[in-house]
There are 2 protein chains.
Amino acid sequence: MGVIERKEREREEMRQRIMNAARHLFLEQGFEKTSIRGIAEAIEYSPATIYLYYKDKNELLFALHEEAFLKMMAELSKVAAVKDPFERLIEMGNQYIKYALENPELYDLMFIMTAPMETLACRDEIWEDGMKSFCLLQAVVGQCVEAGYFEHDLDIETASLTIWSYMHGLVTIYLKNRMNMFGDDKQVERMSASYTLFIEMIRKGLKE
Amino acid sequence: MGVIERKEREREEMRQRIMNAARHLFLEQGFEKTSIRGIAEAIEYSPATIYLYYKDKNELLFALHEEAFLKMMAELSKVAAVKDPFERLIEMGNQYIKYALENPELYDLMFIMTAPMETLACRDEIWEDGMKSFCLLQAVVGQCVEAGYFEHDLDIETASLTIWSYMHGLVTIYLKNRMNMFGDDKQVERMSASYTLFIEMIRKGLKE
DNA sequence: CAAATATACTGAACAGTGTTTAGTGAAAAC
DNA sequence: GTTTTCACTAAACACTGTTCAGTATATTTG
């Protein structure tokens, strides 16, 4: 009897329906204004039903957070097409900035909000999505070492953390409106100028 | 008749009483768990009273945000004692990291939360506190140029933004628990290692 | 096929949130 | 002494995440 298989399938469909509504509302009106009740209304079910499919709001956010990582990893992986390792690193940074600016809410979910991380904490699991994308960066940094762009005894993990820190800092300063202290509309230009300087800094600063 | 003077004084006292309670609860139990009702209870007044002294919660957060900047600026200004400009820059970074790790909630308020910034936006004012502390950094970077540590035609604003981005990125990755992806308890060591590398990067990467 | 069981779902409630408003009691002004 | 002003509050409004008893339907069992 395929009844339990069908039930399992129906369950997965419902989870998808909830996720679709959540993603939609989340991207449309931001996290702060998206409520369980709102999601419930969108799928025409009672708010309580959502709790039959997701433990709490954090788990729902965590699921969205995972989706967002798949999306970003897909974007970042495209840089494999760039032959030269250092050029590849530069392009990876560009893609990272592009993703952050085009998906500010998702970026928040992935790297700033603590709520989705609590789901991880209470299951005491490690943050695999973060680690996977960090490994993508580490790989390219490693290739830059191999190609002789960076000194051969460079600590790849430390260097990658340093590069990521810079990238993350730059985009969050912008996304969290801290760059409007300059009082003009040249914020994106400032980011570009900074990124260009940073590239020169690592080119000169990490070489043999 | 000194009655209006007394009233003004009493008003300021009340504002201080509210701020003290807000600061206390905020630092004790974090932003998320601090409510207007909680603050009201702490000062033994009705929640509605708070709205006679502060427009809304954002304005209260903004006032705390200003306090936090005064505190940080005091810490950062201490580096003036360091004679050598480049050593001064290094020490400024250390102080910045120290402040962030010792005051995570305040750091959030100052550089991550958008709520206090909305008070600025609806008054359409500029973010002066941010600009002032950025100028502190710019000054030291400028002194590094003068002392010959950095190339003479360096764009000081861009270089400062780049340095701040790195510092901000590093501490927020840590504060927002994204460094537990490494799955060990060497998070602070990793930060130190990264900061050391970054210093060498700017020493070599920005020099003449 | 009928009775018993399992399952999916919901209405209503709980305990909280920020904020507004009508109304009260005391102090200040006349 | 009367009127006005002003600080203050109780209560309500419109929300929030979450839980739980109860129901209606689908499935399994006798």
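Below, each value reflects all heavy atoms present in this structure, side chains not excepted, and no hydrogens, waters or symmetry copies. Labels below follow one simple rule: chain letters A, B, ... track the order of the sequence lines, proteins then strands, and each chain is numbered from 1.
Contacts of B:Arg11 with the nucleic acid, taken as non-hydrogen atoms under 4.0 Å apart, are absent.
Residue A:Arg6 has no polar side-chain atom (N or O) positioned under 4.0 Å from OP1 or OP2 of D:dA26. A sub-4.0 Å separation between OP1 or OP2 of D:dT9 and a side-chain N or O of B:Thr49 is present.
If you take CD1 of A:Ile18 and C1' of C:dC9, they are 12 Å apart, rounded to a whole angstrom. Note: CD (B:Glu8) to C1' (D:dC6) measures 14 Å, nearest angstrom. Protein atom NZ of A:Lys7 is 12 Å distant from nucleotide atom P of C:dA6, rounded to whole Å. Nucleotide D:dT25 holds its C1' atom 13 Å from the CD atom of A:Glu10, rounded to whole Å.
Of the inter-residue distances, the one linking A:Leu109 atom CG with A:His65 atom NE2 reads 7.0 Å to the nearest 0.5 angstrom. Expressed to the nearest 0.5 Å, how far CE of A:Met201 lies from OH of A:Tyr195 amounts to 12.5 Å. To the nearest 0.5 Å, atom CG of residue A:Asp108 and atom CE of residue A:Met110 are 11.0 Å apart.
Within a heavy-atom distance below 4.0 Å of DNA chain D, the residues of residues 29-43 of chain B found are B:Arg37. Only A:Tyr51, A:Asp56, A:Lys57, listed by number, bring a heavy atom of residues 50-64 of chain A to less than 4.0 angstrom from any atom of DNA chain D.
In terms of heavy atoms, A:Gly169 sits closest to B:His168 at O-CD2, 3.7 Å. Contact between A:Ala115 and A:Leu61 at its shortest, heavy atoms only, is CB-CD1, 3.9 Å. Residues B:Met117 and A:Arg178 come closest through the heavy atom pair CG-NH1, 3.3 Å.
The aromatic rings of A:Tyr149 and A:Phe86 sit parallel, their planes meeting at an angle under 30°, below the 60° perpendicular limit.
When each of A:Thr162, A:Ile97, A:Leu137 is tested with A:Met167 by the rule side chain to side chain contact (heavy atoms under 4.5 Å, CB included), just one qualifies, namely A:Ile97.
Side chain of A:Tyr45, nearest nucleotide from C:dT21, C:dT10, C:dA28: C:dT10.
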task = Step by step, work out the side-chain contact (heavy atoms from CB on, under 4.5 Å) result for B:Lys132 and B:Phe69.
result = CA-CA 9 Å; B:Lys132 266 188 206 162; B:Phe69 263 98; over 6 Å; no
